[in-house]
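A short worksheet on the structure shown next.
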Amino acid sequence: MKPGITVFIFVVSVLLCHADEGSQKEEPHPDPNEEDYVGMAYIGRMDEDGRRVGFDVDNGIKYIFGTSFDETHKSIAESDLAHSHHGPDAEHDIADRSRGKTREQVLHEQRIGQLDLSKGPKPFGAVPPRVVRVDPFFIDIAPITNKEYGKFVRATYYETEAEKFGWSYVLSSFLPNASSLETAEVDPEAQDWVATNNAYWRNPEGPGTSYKYRENHPVVHVSHRDAAEYCKWVGKRLPGEREWEAAARAGQYGPSNRTLFIWGEEQNTSTAKEYANLWGDGSFPWENRAEDGYRGTSPVKNFKPNAFGLHDMTGNVWEWMRGGKHKERIVRGASYVDSLDGSFNHAATLGARATLHGTTTTGNVGFRCVKPPKRRVEHHWVYENEEDVTSQLVLETNGNRQFSSRKRSQELDKEDDEFDEEEDHDPTKPRPDERRGMKKVVKPRTLTSDEL
């Protein structure tokens, strides 16, 4: 062979190899700077120019998650501990459909045993600080309103759990007829919350009341499922607790700049009323001086936002979080019945946290949604008939059993083993288990959640 021909063949081979390698490369990630959603804010790493960092590098947020403080925050920690977090209503400012019991059981049975403060989060939500990481996400800049939830109900004919139960919890001082308190049934662990017949999101205080003049207020009397169903309908989901806190802290990720409140360290009503709808200086539940302009819920976006442009991350309504156990769903953010120092109900710090039964509906719990940014589709290789690695469905028609792809693959493997035992394998032929081809399939990125 002539030298020139040899060189030519070599060059062609190299070019073909490079072309093959190029065809195997994954498509680039979408640019997060080109993605935006109305009414949502992006939470993720930014570069020096204020642009969003792409997915080609680690663009998640690392921060100190938790509601207590480390050694660098002794003065803040001492201030936090000085709060009367264990006041008469520190544990019971939110009514709860406890443990899925009937109405009579919820209203008349007392909880057995005492709370052990040495185990788990403290009543006001203190969690030991630790470094966590969350992927970038978009989050609603305000809680979902009555108007927005009404569109969902009208479009899907959805019936909330409060409507199915036929009652919900209303704050005693908000009842239209005060005389009804004489015969009212209350949550034995939250005496100021009354089980009110026919109270739900359209009738926030029961029959004779309406949301009509509160269309821009947060929707309330929604359970965890009610909230999750709405988020699913709009193509979003409930926020994880770590995501929510990353958004609430708004860059105050520590250890040098963590603060006690969403606005900083000032613990006075004159400052708080600019940022949050809380109870104020009056005595709970009958004296609300409305220093912030409202006795109950307030319109969303009415108070100053945090550094990320998010409203009502403290106060107004508690917000449902994704995950948790059905009997212990997490809510964060405090509500209009809470105080600055925890002298009654919860202290409205950045770490305000509580758990409720998933079916609980009450007049001070709402929600907002989040949405992950777009990412490229990842692929991986699997054997034929093994792309579904979780399915175990078996269908039976006219006595014939039809296995799902995963189950069928296992049956084939069993047959192959029996074949090997019955006959000697011919080394010149492929083994039965090598006859299966492989295919390129989408790699799933779904996180496990039982929110629905």
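Worth knowing before you read on, the calculation uses all heavy atoms, side chains too, and leaves out hydrogens, waters and symmetry mates.
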Going by distance alone, is a donor N or O of one side chain under 3.5 Å from an acceptor N or O of the other, for Thr361 and His221?
no
State the CH2-OG1 distance between Trp318 and Thr360, to the nearest 0.5 angstrom.
13.0 Å
Could you check whether the rings of Phe174 and Tyr336 sit parallel, tilted or perpendicular, using 30° and 60° as the cut-offs?
parallel
Starting at CZ of Arg202, measure out to OG1 of Thr209 and round the result to the nearest 0.5 Å.
12.5 Å
Between Phe55 and Arg376, is there a cation-pi geometry (under 6.0 Å to ring centre, at most 45° from the normal)?
no
Under 4.0 Å between a side-chain nitrogen and a carboxylate oxygen: does that hold for Asp36 and Arg52?
yes
Check: Trp167 ring centroid to Tyr169 ring centroid under 6.0 Å:
yes
Are Tyr230 and Phe152, when compared by the centres of their aromatic rings, separated by less than 6.0 Å?
yes
Side-chain ion pair, Glu319 and Arg332, N-O less than 4.0 Å:
no
Under 4.0 Å between a side-chain nitrogen and a carboxylate oxygen: does that hold for Arg242 and Asp135?
no
Below 4.0 angstrom, N of the basic side chain to O of the carboxylate: do Arg133 and Asp58 qualify?
yes
Quick check, are the ring centers of Tyr37 and Tyr42 under 6.0 angstrom apart?
no
Between Arg258 and Gln252, is any pair of side-chain heavy atoms under 4.5 Å apart?
no
Glu266 and Thr271: side-chain donor and acceptor closer than 3.5 Å?
no
